[in-house]
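Accompanying notes for the structure given below.
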Amino acid sequence: MQFQNLPLGSSSFEALRSSKEIYVDKTDLIFQLASSRGKIFLARPRRFGKSLLVSTFESLFEKGTDFFPGLSIQSLWQDKKYPVIRLDFSEVKEFSDAVDFRKNFESYLAQKFLKAGFVCKNSENFFVELSSWLDNLPTNSLVILIDEYDAALTVCLDSLTLLNEIKKVMSRFFLVLKANEGCLRFFFMTGITKFSNTSIFSAFNNLVDISMDPKYGTILGYTESELKKNFGDYLNRASDVLLLSPQELIVQLRRHYNGFCFDEEAATSVYCPWSVLNFLNRPERGFQNYWYQSAGQPSVLLKYLSHHPLSEPMSYSQEKEVRLTELQAARQYDDIGLEALLAQAGYLTIKNITPDRYAILGYPNQEVAVSMAELYANELLKGQRLKQNGAPYVADVLARGTVNEVVATLNAALNAIDYQRYPIVDEASCRAYLQVLLIGAAMMPKVEIHTALGRSDMELDAGKRHWVFEFKYVKTAKEVTQALKDVVEQMSSRRYGMSSKAKELRRLVLVFSRDERRFVASQEVVDN
């Protein structure tokens with residue numbers, strides 16, 4: 001059976017439609033935006049289809065409904081055609097200094113506006129000439145679309161002097177647009193961040209930010225109903241390949257790739273399209289982490305982290321609470337909070353909104369939770385891998401090694417941490433650091449697993465084994481023997497992990513010594 005092609009990596013609407021690739025119809029929302037004489041801003045993480053959306057607007061305004069047969073907007077759109085200036089500021093993010101950027105930026109704008117008839121006669125007066133040309137255009141006669149407005153800014157976040165110089169150059173362009181906005185039929189701009197690093201958010205005082213508008217919460221990404229409606233053949237194939245029922249497949253897809261909420265009411269959620277399309281293209285590879293590999297390390301976040309500390313790794317699995325206004329506001333680079341930046345970059349998403357308008361933030365899904373753990377693990381280990389002197393990786397040891405090898409490997413992992421910056425001060429910090437390191441090593445431990453008789457500290461699967469760990473923290477050597485005895489009795493009496501029947505059960509008690517900074521005693525608990 002010949003399937004309709006997946007739109008994997010397609011950012012051109014017309015090329016996608018000409019190639020008869022699957023297009024998830026969002027044109028009812030596009031119609032609502034395009035029908036107004038709007039000036040609109042939309043922020044989304046990378047790999048969510050911002051460029052395809054910009055391309056769709058370009059085709060609609062420039063060629064009408066030529067490429068829209070069968071889509072919702074075809075019977076609705078009655079407007080005429082317009083000259084369209086489409087700008088992608090990622091094309092001008094390579095520069096050596098502010099002078100080089102200005103030269104490249106003005107040259108790029110001149111080339112793009114030439115399409116609509118603008119010719120710069122004196123490059124020394126570029127913005128003056130552009131303003132004069134725009135001023136002479138008829139009212140409502142030009143469409144301007146800007147993709148990745150913040151691309152050039154984020155590459156120089158580690159140099160505030162250069163950042164301010166780039167900001168000044170870009171500000172002149174936005175001020176020219178503001179001064180001549182009467183000629184604009186439609187203005188649409190995308191980015192990852194909402195930094196107040198340019199005049200755009202103040203110059204266009206009527207710029208409408210729809211980034212968290214519930215009405216447009218699903219304009220990018222796939223809802224679950226859209227996934228089932230548009231990709232049925234691929235879902236059926238994936239079910240067959242992975243030997244999962246259709247219901248089980250959706251549960252796994254939801255767990256790995258769904259959960260992104262861009263809605264200030266927390267009423268909608270979407271799947272990451274890049275991850276879904278890569279999975280459907282090669283389901284035999286399983287539920288891999290596609291987002292982090294291609295988009296999960298945006299330069300804006302990495303630049304920020306080079307000058308700001310990451311949150312304490314102990315807070316890795318904790319939900320964060322921030323004012324909703326903190327997520328909505330445009331901030332200077334030095335003023336933005338880490339949680340707000342992580343939300344803009346896609347690491348955190350809105351899980352709930354409290355009655356007093358606080359946003360509860362958490363990881364959207366397992367793919368992102370693993371990505372975040374990798375960030376934390378890199379911070380803890382400074383790029384080291386959990387392997388020393390040719391020893392097997394931690395996952396291999398847990399899958400096949402002896403108890404002594406497991407203890408040695410976990411001690412090696414904790415020993416690799418910068419103890420001055422991240423001291424292990426109690427049982428909770430010991431568990432939290434191990435959780436982050438194990439997730440960063442592509443494992444998925446679960447902490448504080450509740451049972452009828454209590455809760456285990458950590459459980460994880462490794463190969464054919466299911467490990468249950470119970471940790472105890474002691475300050476001095478004289479406490480070790482009694483601590484080990486107490487925790488062994490606790491694990492045995494409360495039967496931690498005994499409900500797990502599918503794998504070989506391994507239950508291990510570990511006692512960590514503050515004085516020696518390692519696990520100094522261990523015992524495997526075997527059910528009699």
Exercise for the section: Decide yes or no for Arg86 and Val54: does some side-chain heavy atom of the first lie under 4.5 Å from some side-chain heavy atom of the second? Expected result: yes

Exercise for the section: Take Arg323 and Arg357 through the test side chain to side chain contact (heavy atoms under 4.5 Å, CB included) and record every step on the way to the result. Expected result: CA-CA 6 Å; Arg323 287 187 181 276; Arg357 307 304 285 168; over 6 Å; no

Problem - 4.5 Å side-chain heavy-atom contact, Arg44 and Leu53 - result: no

Practice task
Without swapping roles, check the side chain of Thr349 against the backbone of Phe260 for a donor-acceptor pair under 3.5 Å.
Solution key: no

Practice task
May I ask you to say whether Arg185 pairs ionically with Asp79, meaning some side-chain N is under 4.0 Å from a carboxylate O?
Solution key: yes

Problem - More than 12 heavy atoms from other groups under 6.0 Å of NZ on Lys103 - result: no

Problem - Minimum side-chain heavy-atom gap Arg46-Ile192 below 4.5 Å - result: yes

Exercise for the section: Check the pair Thr193 / Gln344 against side-chain hydrogen bond (donor to acceptor under 3.5 Å, both in side chains), numbers first and verdict last. Expected result: CA-CA 6 Å; Thr193 58; Gln344 291 177 358; 4.9 Å; no

Exercise for the section: Compute the centroid of each ring, for Phe61 and then for Trp77, and state whether the two points are separated by less than 6.0 Å. Expected result: yes

Practice task
Side-chain contact test, heavy atoms from C-beta onward, threshold under 4.5 Å: evaluate it for Ile40 versus Phe187 and give yes or no.
Solution key: no

Exercise for the section: In plain terms, say whether Glu284 and Arg282 are close enough for a salt bridge, that is, a side-chain N and a carboxylate O under 4.0 Å apart. Expected result: yes

Completion exercise
Nearest heavy-atom approach of Ile166 to Cys156 is CG1-SG, 4.0 Å

Practice task
Give a yes or no on whether the ring-centroid distance for Phe3 and Tyr234 is below 6.0 angstrom.
Solution key: yes

Practice task
Classify the angle between the aromatic ring planes of Phe127 and Phe173 as parallel (below 30°), tilted (30 to 60°) or perpendicular (above 60°).
Solution key: tilted

Problem - Heavy-atom side-chain contact between Ile439 and Pro445 under 4.5 Å - result: yes

Problem - Distance-minimising heavy-atom pair for Trp274 and Tyr290 - result: NE1-O, 3.6 Å

Handout entry: Verdict with supporting geometry, Ile146 and Thr190, side chain to side chain contact (heavy atoms under 4.5 Å, CB included)
Key = CA-CA 6 Å; Ile146 302 177; Thr190 77; over 6 Å; no

Handout entry: Residues Phe105, Phe95; criterion ring pair (Phe, Tyr, Trp, His ring centres under 6.0 Å); working and verdict
Key = CA-CA 10 Å; Phe105 187 58; Phe95 50 88; 10.0 Å; no

Problem - Pairwise distance CD(Glu367) to CZ(Arg255) - rounded to 0.5 angstrom - result: 14.0 Å

Exercise for the section: Would you sort out whether Ile353 and Leu324 count as a side chain to side chain contact (heavy atoms under 4.5 Å, CB included), showing the intermediate values? Expected result: CA-CA 8 Å; Ile353 302 294; Leu324 189 59; 3.9 Å; yes

Problem - Note, Leu42 side chain near Ile219 side chain (heavy atom, < 4.5 Å) - result: yes

Handout entry: Heavy-atom side-chain contact between Thr223 and Thr268 under 4.5 Å
Key = no

Problem - Short side-chain to backbone donor-acceptor contact, Asp150 and Leu153, under 3.5 Å - result: no

Exercise for the section: With the side chain counted from C-beta on, respond yes when Phe186 and Asn140 share a heavy-atom pair under 4.5 Å apart, and no when they do not. Expected result: no

Exercise for the section: Output yes when a side-chain donor or acceptor of Arg47 lies under 3.5 Å from a complementary backbone atom of Ser275, and no otherwise. Expected result: no

Exercise for the section: Would you give the length of the straight line joining atom OG of Ser131 to atom CG of Leu177, rounded to the nearest 0.5 angstrom? Expected result: 9.0 Å

Practice task
Look at Glu226 together with Lys26 and state whether they make a salt bridge at an N to O cut-off of under 4.0 Å.
Solution key: yes

Exercise for the section: Kindly compute the distance separating CZ (Arg237) from CG (Leu249), expressed to the nearest 0.5 Å. Expected result: 11.5 Å

Exercise for the section: Give a yes or no answer on whether the side chain of Asp28 reaches the backbone of Ser72 with a donor-acceptor pair at less than 3.5 Å. Expected result: no

Problem - Tyr271/Tyr222 under ring pair (Phe, Tyr, Trp, His ring centres under 6.0 Å): CA gap, chis, key distance, verdict - result: CA-CA 5 Å; Tyr271 287 77; Tyr222 301 148; 8.1 Å; no

Exercise for the section: First locate atom CG of Asp263, then atom OG1 of Thr218, and finally report the distance between them rounded to the nearest 0.5 Å. Expected result: 9.0 Å

Completion exercise
All heavy atoms of Ser10 vs all of Glu21, minimum pair found to be OG-OE1, 2.6 Å

Handout entry: Nearest-0.5 Å distance, OH of residue Tyr23 to CG of residue Asn230
Key = 10.5 Å

Practice task
Return yes if a side-chain donor-acceptor contact under 3.5 Å exists between Thr65 and Gln74, otherwise no.
Solution key: no

Handout entry: For the student: nearest non-hydrogen atoms of Ala116 and Leu142, plus distance
Key = CB-CD1, 4.3 Å

Exercise for the section: Answer yes when Glu181 and Lys39 have at least one side-chain N-carboxylate O distance shorter than 4.0 Å, and no when they do not. Expected result: yes

Handout entry: Main-chain N/O of Thr56 paired to Ser59 side chain as donor or acceptor, under 3.5 Å
Key = no

Handout entry: Centroid-centroid distance, Phe13 to Phe68, less than 6.0 Å
Key = yes

Handout entry: Salt bridge flag under 4.0 Å for residues Lys320 and Glu326
Key = no

Practice task
Taking all non-hydrogen atoms of both residues into account, name the closest pair between Leu16 and Pro7 and its distance.
Solution key: CD1-CB, 3.6 Å

Practice task
Using a strict cut-off of less than 4.0 Å between a Lys/Arg side-chain nitrogen and an Asp/Glu carboxylate oxygen, indicate whether Arg254 and Glu224 qualify as a salt bridge.
Solution key: yes

Problem - Working for side chain to side chain contact (heavy atoms under 4.5 Å, CB included), residues Phe89 and Asp147 - result: CA-CA 6 Å; Phe89 285 175; Asp147 198 11; over 6 Å; no

Exercise for the section: Looking only at non-hydrogen atoms, find the nearest pair between Trp291 and Ala345 and report the distance. Expected result: CZ2-O, 3.4 Å

Problem - side-chain hydrogen bond (donor to acceptor under 3.5 Å, both in side chains) between Glu62 and Tyr82, worked out - result: CA-CA 5 Å; Glu62 197 168 60; Tyr82 297 86; over 6 Å; no

Exercise for the section: Look only at the side chain of Asn236 and the backbone of Gly232, and say whether a donor-acceptor pair between them is shorter than 3.5 Å. Expected result: yes

Exercise for the section: Given side-chain hydrogen bond (donor to acceptor under 3.5 Å, both in side chains), test Lys215 with Gln32 step by step and report yes or no. Expected result: CA-CA 10 Å; Lys215 184 176 182 179; Gln32 294 177 46; 2.8 Å; yes

Practice task
Measure the spacing between CD1 of Ile250 and CG of Leu235 and express it to the nearest 0.5 Å.
Solution key: 5.0 Å

Handout entry: Residues Phe57, Phe188; criterion ring pair (Phe, Tyr, Trp, His ring centres under 6.0 Å); working and verdict
Key = CA-CA 9 Å; Phe57 278 122; Phe188 185 79; 4.8 Å; yes

Problem - Pair Phe41-Tyr149, ring pair (Phe, Tyr, Trp, His ring centres under 6.0 Å): steps then yes or no - result: CA-CA 10 Å; Phe41 172 71; Tyr149 90 97; 5.6 Å; yes

Exercise for the section: Just jot down the side-chain contact (heavy atoms from CB on, under 4.5 Å) partners of Lys81, sequence neighbours excluded, or say none. Expected result: Asp66

Problem - Distance flag, aromatic centroids of Phe48 and Phe262, threshold under 6.0 Å - result: yes

Problem - Short side-chain to backbone donor-acceptor contact, Asn365 and Val368, under 3.5 Å - result: yes

